[in-house]
Amino acid sequence: KVSDLTEKLEERIYQIYNDHNKIIQEKLQEFTQKMAKISHLETELKQVCHSVETVYKDLCLQPEQSLRLRRGPDHSRGKSPPRPSDSQPPDVFVSSMAETTSQATASEEQTHRDGEC
């Protein structure tokens, strides 16, 4: 009788293990897909930030400097125009983007925990 109960218990344990293993595998696959999507979105965000930085630097150039940059160094005065990399975007924009991204991620995590996704 003990052997019979032990065998049934063992079968039940294996069945539960297999059920949980399937669930874990599904969740792991979902996680992997979401991480790939996050990585893709992170790359896109970096590209957007780079584009915004480039636009900001272009906007910071004076019209005269922009004109000289197109023509090359100003040989009549012996000076070269300042490089666009001398101008830095404000930290406020960068921190604002990071905060917005952080809030969006937290919101998505909360929605996932609430079972709404």
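The hydrophobic side chain of Ile24 is isolated, with no ILVMFWY side chain under 4.5 Å apart from it.
With rounding to the nearest 0.5 angstrom, the CD1 atom of Ile23 is 13.5 Å from the CG atom of Leu28.
Residue pairs that meet the salt bridge (charged side-chain N to carboxylate O under 4.0 Å, His left out) test with at least one member in residues 6-16, sequence neighbours left out, are Asp4-Lys8.
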Side-chain donor-acceptor contacts of residues 37-50 below 3.5 Å, not counting sequence neighbours, with atom names and distances?
| residue | atom | partner | partner atom | Å |
| --- | --- | --- | --- | --- |
| His40 | NE2 | Glu44 | OE2 | 2.6 |
| Thr43 | OG1 | Ser39 | O | 3.0 |

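At a threshold of 4.5 Å between non-hydrogen side-chain atoms, the residues Lys57 and Glu53 count as touching.
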